[in-house]
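The structure appears right after this line, and notes come after that.
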Amino acid sequence: QKEVEQDPGPLSVPEGAIVSLNCTYSNSAFQYFMWYRQYSRKGPELLMYTYSSGNKEDGRFTAQVDKSSKYISLFIRDSQPSDSATYLCAMSAGGNNRLAFGKGNQVVVIP
Amino acid sequence: SAVISQKPSRDICQRGTSLTIQCQVDSQVTMMFWYRQQPGQSLTLIATANQGSEATYESGFVIDKFPISRPNLTFSTLTVSNMSPEDSSIYLCSVGGQGRGNEKLFFGSGTQLSVL
């Protein structure tokens, strides 16, 4: 079983729709959970950062962590064409432990 | 935040040759990280570059294949040696951010490497 599972299937949505992305993981030591956004030919940029369980909201973006189910989600409300990118989940046990990344979801928002 | 300049942005190389990728950061950082991003695969950590000491390599990566230099706190290079088509990938430099550990990473724009 991989440490982090993220269905890499591309996702196409119409502008204004809600985008829902998720990852599952197997390592119960993970306590830092991140979502990175990566535009074409660019490096990933940190989008959301959450410590332990719970929800975090930042504008149109909401990150949810359910440690009991080992499941994290990212929601994008009122999606815009500029949200078209690949979204990678990442998680860590903290300290100097390396990050474990998902494979990434390519999202296309159609005007 | 950190601004990371990485070059070259892309290159096409012949089998058996080597390519050195440069990474420059706009501030002093203790650790710099080199990642590989292959199509359809997760970002994979190659090694951690520490100033003043040898790089720490992850399982499956060796110094002879991926030598790393870290001459100061703002600069690092990764060399991909004796390249084969399997080395075709995006290589990313990153530095740690503000997390308790190194969770909040900042990335360069990457080097798209194609090996013929």
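Naming: A, B, ... by sequence-line order, numbering from 1 per chain.
Within residues 101-111 of chain A, the residues having any heavy atom under 4.5 Å from a heavy atom of chain B are, by residue number, A/F101, A/G102, A/K103. Among residues 44-75 of chain B, the residues having any heavy atom closer than 4.5 Å to a heavy atom of chain A are, in sequence order, B/L45, B/E58.
By the rule that hydrophobic residues join a cluster once side-chain heavy atoms approach within less than 4.5 Å of another member, B/V25 and B/Y91 end up as members of separate clusters. Residue B/F33 is grouped with residue A/L88 when hydrophobic side chains (ILVMFWY) are merged at heavy-atom distances under 4.5 angstrom, including chains of intermediate members. Connection of A/V19 to A/F33 is established within a shared hydrophobic cluster, with ILVMFWY side chains joined at heavy-atom distances below 4.5 Å, either directly or through further cluster members. Placement of A/I76 and A/L11 within a single hydrophobic cluster is found when ILVMFWY residues are connected by side-chain heavy-atom separations under 4.5 Å, directly or transitively. When hydrophobic clusters are built by joining Ile, Leu, Val, Met, Phe, Trp and Tyr residues whose side-chain heavy atoms come closer than 4.5 Å, directly or via intermediates, A/L74 is grouped together with A/Y25.
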Exercise answer: donor-acceptor pairs, residues 107-116 of chain B side-chain atoms, under 3.5 Å, sequence neighbours excluded:
from, atom 1, to, atom 2, distance (Å)
B/T111, OG1, B/Q6, NE2, 3.1
B/T111, OG1, B/P8, O, 2.6

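Of the listed residues (A/E45, A/Q38, A/Q6), the greatest number of heavy-atom pairs within a distance under 4.5 Å of chain B belongs to A/Q38.
Nearest heavy atoms, A/G43 versus B/L92: CA-CD2, 3.9 Å.
Counting only residues at least two apart or in different chains, disulfide (SG to SG under 2.5 Å) contacts with residues 28-91 of chain A comprise A/C23-A/C89.
Inter-residue side-chain proximity for B/I90 and A/R41 is flagged as unmet; no heavy-atom pair is nearer than 4.5 Å. Two residues are said to be in side-chain contact when any heavy atoms from C-beta on lie closer than 4.5 Å; A/V4 and B/S42 fail this criterion. Between A/L99 and B/L105, the closest side-chain pair of non-hydrogen atoms falls below 4.5 Å.
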